[in-house]
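Just below is one structure, and these are the notes that go with it.
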Amino acid sequence: MKHSFVFATNNRHKLDEVRTIAGKQIEICSLRDIDCLTDIPETGATLEDNALQKAHYVYDQYHCNCFADDTGLEVEALGGAPGVYSARYAGDAHNSEANVQKLLCALKNVENRRARFRTVFALIIGGKEHLFEGSISGNIIRSRRGMNGFGYDPIFIPDGYDKTFAELGEEVKNKISHRAVAAQKLFRFLGQ
C-alpha cells in the first residue's frame, strides 16, 4: 500500500529533491496539493523548532500526516551563522543571490572556510513527533561555481569532492547531501 504524506514546504527545489529520494513507494503531496497557500512562519530558535512548527501547523490545520524540514548552513568562522537564519540571512525576502553575496562578503578576508549544511526533518504521524537529522561538512569557496542546485549550492564544496553542489548535479547531490541523509533516515523509518 502506498503511503501519502504532506511535505510542508513551498520550495519547489526541496519538494523535487525529496520526491526523488522517496521513490515510488511514498506519495508526497505539496502544500499546494492540500490548498495550503499560507507562508507558514518559522520563528523558532533552532532548526528543530522551525521544522516542528511547520509540521504542527499542517497537522493541526489539515489533519494529515506530514513532515517539514529546516536547513541551515553553519559556518565555523561566523560562529555557526547564518544557521537557522540561512534562508533570510540578507533579509526576509528569501533572496538566495543576496544571501550568497552577504556570506561571501562576511568571509572576504577569512582563511577558515569550514562549514556544514544541516537539515532536520520533523515528522508527525498519528499525532506523534519524530525528528531526523542529516549533515555534510565542506568548505565555502570564494566565488560561485555551477548552474544547478539552489541557495548556497554554488559556493559549497562537500568534503571528498572538488566540485560545488551546483556543479555535482542532482543525481550526486541527492545521494550525499544533508537533506538526502535526513530524508533517507525518515523514509527508512517509514518502512522504505
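The figures here come from the full heavy-atom set of this structure, side chains too, leaving out hydrogens, waters and symmetry mates.
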**OP:** To the nearest 0.5 angstrom, please state how far the CZ atom of R32 sits from the CG atom of L15.
**Re:** 10.5 Å
Original post:
Can you name the nearest heavy-atom pair linking V6 to C64, along with the distance?
Top reply: CG2-SG, 3.6 Å
**OP:** Determine, stepwise, if the pair E129 / L123 fulfils side-chain contact (heavy atoms from CB on, under 4.5 Å).
**Re:** CA-CA 6 Å; E129 299 175 0; L123 168 69; over 6 Å; no
**OP:** Output, in order, the C-alpha distance, side-chain angles, deciding distance and verdict of side-chain contact (heavy atoms from CB on, under 4.5 Å) for L190 and I125.
**Re:** CA-CA 10 Å; L190 293 173; I125 184 169; 4.1 Å; yes
**OP:** Using the test side-chain hydrogen bond (donor to acceptor under 3.5 Å, both in side chains), find all partners of N148 that sit at least two apart in sequence or belong to another chain.
**Re:** none
**OP:** Could I get the full list of salt bridge (Lys or Arg N to Asp or Glu O under 4.0 Å) partners for E17, not counting sequence neighbours?
**Re:** K173, R179
Original post:
Under the side-chain hydrogen bond (donor to acceptor under 3.5 Å, both in side chains) test, which residues partner S96, sequence neighbours left out?
Top reply: none
Subject >> Donor-acceptor contact below 3.5 Å, side chain Q53 vs main chain T43 >> reply: yes
Original post:
Quick one: NZ on K54 to SG on C36, what's the gap to the nearest 0.5 Å?
Top reply: 12.0 Å
Original post:
What distance separates L186 CG from F7 CZ, expressed to the nearest 0.5 Å?
Top reply: 9.5 Å
Original post:
Taking only residues two or more places apart in sequence, or in another chain, which ones meet H13 in a side-chain contact (heavy atoms from CB on, under 4.5 Å)?
Top reply: N11, F150
Subject >> E133 to A182 - nearest heavy-atom pair and separation >> reply: C-CB, 3.8 Å
**OP:** Considering only NZ, NE, NH1 and NH2 on the basic side and carboxylate oxygens on the acidic side, decide whether R116 and D159 come within less than 4.0 Å.
**Re:** no
Original post:
Taking all atoms of both residues into account, what is the closest heavy-atom pair of T119 and D69, and its distance?
Top reply: CG2-OD2, 3.9 Å
Subject >> Audit row: I40, V58, side-chain contact (heavy atoms from CB on, under 4.5 Å) steps and yes/no >> reply: CA-CA 9 Å; I40 302 170; V58 171; 3.9 Å; yes
**OP:** Mind checking the CG-CG spacing from L31 to D39? Nearest 0.5 Å is all I need.
**Re:** 9.5 Å
Subject >> Partner residues of K175 under the salt bridge (Lys or Arg N to Asp or Glu O under 4.0 Å) criterion, sequence neighbours left out >> reply: E171
Subject >> Set of residues satisfying side-chain contact (heavy atoms from CB on, under 4.5 Å) with respect to Y85, sequence neighbours excluded >> reply: R88
Subject >> Shared-cluster residues of M147, by chain and number - hydrophobic side chains joined below 4.5 Å >> reply: none
Subject >> Side chain to side chain, V84 and L47, heavy atoms closer than 4.5 Å >> reply: yes
Subject >> Side-chain heavy atoms of S86 within contact of R118, under 4.5 Å >> reply: no
Subject >> Those residues that, when tested against A122, pass side-chain contact (heavy atoms from CB on, under 4.5 Å) (two or more places apart) >> reply: A51, L52, A55, L131
Original post:
Do the side chains of V120 and F189 join up, straight or via other hydrophobic residues, at under 4.5 Å, putting them in one cluster?
Top reply: no
Subject >> Heavy-atom closest pair, residues G146 and P154 >> reply: O-CB, 4.4 Å
Original post:
So with a 6.0 Å cut-off around CZ of R114, is the heavy-atom count from everything else above 12?
Top reply: yes
**OP:** Please name all residues satisfying side-chain contact (heavy atoms from CB on, under 4.5 Å) with A87, sequence neighbours left out, ordered by chain then number.
**Re:** H94
Subject >> Co-members of I141 in a cluster of I, L, V, M, F, W and Y side chains, linked at under 4.5 Å >> reply: L73, V75, L78, Y89, V100, L103, L104, L107, V110, F117, I136, I140, Y152, I155, F156, I157, Y161, F165, L168, V172, I176
Subject >> Atom pair CZ/CZ of F132 and R188 - distance to nearest 0.5 Å >> reply: 10.0 Å
Subject >> Audit row: R144, E97, side-chain contact (heavy atoms from CB on, under 4.5 Å) steps and yes/no >> reply: CA-CA 10 Å; R144 291 171 187 79; E97 192 67 26; 2.9 Å; yes
Subject >> Residue list, side-chain hydrogen bond (donor to acceptor under 3.5 Å, both in side chains) with T38, at least two apart or on another chain >> reply: Y57
Original post:
Atom NZ in K128, atom CG in N65: separation rounded to 0.5 Å?
Top reply: 12.0 Å
**OP:** Spell out, as yes or no, whether a donor-acceptor pair under 3.5 Å connects the side chain of Y59 to the backbone of C66.
**Re:** no
**OP:** Spell out, yes or no, whether I26 and F121 are grouped together once hydrophobic residues are joined by side-chain heavy atoms under 4.5 Å, including indirect joins.
**Re:** yes
Subject >> Residues in side-chain hydrogen bond (donor to acceptor under 3.5 Å, both in side chains) contact with E170, at least two apart in sequence or another chain >> reply: none
